[in-house]
Amino acid sequence: MKLDVIIRGGRLFDGSGDAPRSADIGLADDRIQAVGDLSAAVAARDIDATGLAVAPGFIDVHTHDDRALLTPGMMLAKISQGVTTVITGNCGLSLAPASMSHIQAPLDLIAAPGWLRFPRFADYLAALQRQGIAVNAACMVGHTTLRANVMGNDLQRSASLWEREQMRSQLETSLEAGAFGFSTGTFYPPARAADLEEIVAVAAPLARFDAPYVTHMRNEAEGVMASLEETFEIGRRLGVRVVISHHKIAGVANHGRSVETLARIGAAMARQRVSLDCYPYNASSTTLNPAFVARASSVLVTWSTPYPQYAGKTLAEIAGLLGCDDLQAAERLMPAGAIYFMMDEQDVQRILAFPQTMIGSDGMPHDEHPHPRLWGTFPRILGHYARDLGLFPLETAVHKMSGLTAAEMGIPERGRVMAGYFADLVLFEPGSVMDCARFADPKVRSAGIRQVWINGRQVYADGVLHSETAGRVITRPAVA
Ligand code: ZN
Ligand code: CU
């Protein structure tokens with residue numbers, strides 16, 4: 001057996017959720033070749049992992065990294081957490097295929113002037129491949145992007161039959177080019193008028209590719225139960241897996257209702273394929289919109305085009321400075337982004353602990369003052385929730401960010417440490433791993449992430465980034 005690298009003496013959390021064991025890992029080329037006692041084997045390079053946990057590289061199931069992947073330096077936020085694969089194109093927003101003439105909220109969360117340059121999904125994937133990407137990426141198509149392409153600014157209505165057919169065709173061509181799935185964001189104004197029939201018509205091609213339907217649901221507050229029913233029905237009509245994005249219960253009046261939603265999700269899982277993800281914080285982050293302000297106990301502004309100097313201040317502080325009330329301040333700051341403190345910690349913990357819940361950051365890489373989830377999500381699960389609070393064992397934490405995600409999302413040969421799989425690995429200190437990004441100071445690297453390997457290459461070691469080109473585009477294996 002010829003090995004390039006042997007990682008010796010670590011505690012292996014293999015991504016399956018099983019208890020850790022002592023094991024050496026042998027790598028050759030881009031793959032894991034051997035797992036077990038390799039004391040008799042030799043390799044060109046030995047890595048001493050004594051005292052460290054060795055795990056599959058983490059999969060960030062919910063990202064808005066469409067543009068960050070093409071922007072040098074930006075994926076450090078993820079690599080420094082041990083993330084080796086991201087899924088992009090969430091919440092109905094994707095950078096491709098884009099033929100719209102201008103960028104409207106919430107597409108401004110990922111797009112920017114000069115970035116509407118991928119008229120076909122194939123152009124986007126080709127750009128990723130040509131430029132090289134820091135982590136593996138599975139890229140989805142966003143419904144809101146398709147709506148903006150086909151309907152222009154006239155989005156306050158359901159799409160016509162002709163428009164649905166245009167969107168359906170753009171999705172189908174994108175899936176043929178390698179798109180991984182389809183997302184909607186009916187929560188947001190430009191997609192709110194899209195009804196179930198529109199979504200089912202547009203998303204029809206998913207079945208042929210067995211690709212998932214991923215959704216930022218219409219309502220995560222008082223209407224959350226109806227939104228779940230709509231999501232399940234769309235999944236049944238399409239015959240595909242549905243993924244409930246960043247499951248949360250918004251608004252003080254609804255706190256505690258994760259008991260109800262998780263029971264309903266569990267019941268649906270017995271009948272159809274349903275997945276869900278969650279980020280480990282009790283504050284959300286998205287565009288600033290006066291309509292979202294009332295649900296939150298406090299709002300922190302993350303960016304503002306007219307008032308860039310106010311990023312990082314609370315809406316209340318800014319209202320004081322501008323001499324107006326919160327809602328007027330919100331109007332004046334737009335287009336802008338915000339963090340909304342509007343969830344109950346007990347709901348967050350209940351959702352995180354639900355056995356099928358995957359971990360996704362929902363980080364906003366282009367925000368001036370981002371939500372700390374961008375830099376802290378994965379170490380926070382390991383350090384804060386698993387180790388310090390004991391919400392679940394460390395092997396469960398690893399499983400929720402690797403093996404579970406790969407299995408649910410259909411990512412082949414990743415998410416587990418086993419012979420034959422791609423060599424995506426993270427080595428971390430189980431006693432000290434911890435997020436360090438805070439709401440007041442969010443762009444801070446986590447502690448305790450020692451090494452990250454992607455496709456057999458060591459890309460990050462003791463704080464130094466060694467490569468931004470080891471990642472690969474992950475396309476969906478063709479369905480027979
Ligand atoms: Zn979302
Ligand atoms: Cu999102």
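In this text, all values refer to a predicted model and were calculated from it rather than measured experimentally. Quick note: numbers below take in every heavy atom, side chains included, and nothing from hydrogens, waters or symmetry partners. If you read the sequence from its start, that first residue is 1, and numbering goes on from there. Numbering of ligands and ligand atoms starts at 1, following listing order.
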**Prompt:** So is R373 actually on top of W375's ring, under 6.0 Å and inside 45° of the axis?
**Reply:** no

**Asked** Looking at L109, D66, T88, T184, which hits side-chain contact (heavy atoms from CB on, under 4.5 Å) with L93?
**Response** L109

**Request:** Verify whether one side chain among H64 and D362 offers a donor that lies under 3.5 Å from an acceptor in the other.
**Result:** yes

**Request:** Would you mind naming the N, O or S atom of H62 nearest to the Cu ion (ligand 2)?
**Result:** NE2

**Asked** Which angle, to 10 degrees, forms at the Cu ion (ligand 2) with SG of C91 on one side and OD1 of D362 on the other?
**Response** 170°

**Prompt:** Judged by modelled atom types alone, do Q166 and S169 share a side-chain donor-acceptor pair under 3.5 Å?
**Reply:** no

**Request:** Verify the distance test for H64 against the Cu ion (ligand 2): any N/O/S atom under 2.8 Å, yes or no.
**Result:** yes

**Item:** Side chain R241, main chain R273, donor-acceptor under 3.5 Å
**Value:** no

**Message:** Quick check with a 6.0 Å cut-off and a 45 degree axis cone: is R218 positioned over the face of F187's six-membered ring?
**Reply:** no

**Request:** Pull up every protein N/O/S atom sitting under 2.8 Å from the Zn ion (ligand 1), skipping waters.
**Result:** C91 SG, H216 ND1, H246 NE2

**Asked** For D441, which residues count as a salt bridge (Lys or Arg N to Asp or Glu O under 4.0 Å) partner, sequence neighbours excluded?
**Response** none

